[in-house]
Amino acid sequence: MPELPEVESLRRLLARSVVGRTIVAAVVKEARLRRIVAPDLAVTIIGRTIEAIGRRAKYLLIELSGGYVLMVHLGMSGSLTHRGAAFGDPLNARHDHVELTLDDGSHLVYNDPRRFGLMVLLSPGEIETLAELKDLGPEPFAKEFNADYLWRISRGRKGAIKNLLMDQRIVAGVGNIYASEILFRARVRPTRRAGRVTRVEFARIAEKTAEVLREAVGSRGTTIISYRDSQGQPGGFATKLRAYDRGGEPCLECTTPIRQIVIGQRSSFYCPRCQK
DNA sequence: CTTACATCCTGATTGC
DNA sequence: TGCAATCAGGATGTAA
């Protein structure tokens with residue numbers, strides 16, 4: 001489940017492997033993603049050079065020559081792999097939806113079994129007008145994401161603090177896995193009403209948000225089942241999870257069994273003793 | 001405005 | 001053993 005650390009890991013890998021390459025072919029094999037991929041993508045994209053790879057929240061932004069941007073979201077099960085011209089790097093895998101061929105014979109392939117993701121080619125300047133990006137909250141590493149901000153924005157809110165953290169308009173990039181991890185480290189129960197979280201607790205939440213995400217980026221993300229980076233490798237953070245996917249297992253702080261509940265239709269994990 | 005919930009989709013897992 | 005039901009979840013749209 002790609003969240004900020006997975007997309008950031010992908011960004012870093014692609015920045016090293018495909019920046020400077022020119023796109024020489026593009027094939028859309030399945031356009032029906034969350035947003036329809038332009039079937040004539042090739043018309044505009046061929047001949048453009050990949051100038052930089054950016055990221056905003058969970059969106060990967062492939063910056064092309066001429067001011068175009070190929071915006072990619074991995075949804076739940078998407079992957080973007082860089083398959084070399086090398087032996088043993090097959091194309092045409094099941095659920096390969098978009099294939100870009102680069103000028104060194106390698107391929108950048110978007111694959112997504114569940115098709116919850118998207119790939120959209122933005123015209124120059126279009127990115128500034130996109131509601132999806134405009135409505136996003138601050139990046140978790142930005143200085144404006146702090147205890148005061150969280151305190152201010154949560155006044156009067158009755159929803160669970162976990163849902164607040166996963167709301168992309170509040171903070172960009174936190175998903176279900178890291179929300180549980182952040183609240184475990186901050187020692188705040190995920191069901192707590194956001195409006196009832198104290199300022200001191202918000203300070204811990206802000207601090208732990210950056211800490212967890214930074215560590216996860218350092219481990220190249222979390223692979224529970226399906227996440228793979230652009231080299232086809234799983235992330236290394238799964239073994240470092242303290243709450244997520246540990247239902248019934250002993251809390252690493254106090255040995256109380258970790259509890260699994262559903263909040264906002266999403267599985268959530270917490271220690272009933274450590275998290276108040 | 002906020003909150004709750006259904007929806008999209010396929011693969012892995014669980015249950016009988 | 002095999003098949004059917006269930007679960008997984010990011011973002012969005014609708015309703016209350």
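- Atom CG of A/Asn111 is separated from atom P of B/dG11 by 10 Å (rounded to the nearest Å).
- Counting non-hydrogen atoms under 4.0 angstrom, A/Gln260 reaches the backbone sugars and phosphates but no base.
- Considering only side-chain atoms of A/Tyr59, the nucleotide from C/dA11, C/dG9, B/dT3 that sits closest is C/dA11.
- Under the stacking criterion of a centre-to-centre distance below 5.5 angstrom and an interplanar angle below 30°, A/Phe116 sits stacked against the six-membered ring of C/dG10.
- Atoms CE (A/Met76) and C1' (C/dT12) sit 16 Å apart, rounded to a whole Å.
- Nucleotides of DNA chain B nearest to A/Ile225 and A/Gly159 differ in position, and the one nearer the 5' end is that of A/Gly159.
- With rounding to whole Å, A/Arg266 atom CZ is found 7 Å from C/dG10 atom C1'.
- Rounded to the nearest 0.5 angstrom, A/Asn163 CG and A/Arg157 CZ are separated by 10.0 Å.
- Rounded to an integer number of Å, the gap from CD of A/Gln265 to P of C/dA11 is 15 Å.
- Between the side chain of A/Arg114 and the base of C/dG10 there is no donor-acceptor pair of N/O atoms closer than 3.5 Å.
- Between the C1' atom of B/dT10 and the CZ atom of A/Arg94 lies a distance of 8 Å, rounded to the nearest Å.
- In this structure, A/Phe237 and A/Tyr178 have tilted ring planes: the angle between them lies in the 30° to 60° band.
- For the residue pair A/Arg83 / A/Thr81, a side-chain donor-acceptor distance below 3.5 Å is found, with atom types taken as modelled.
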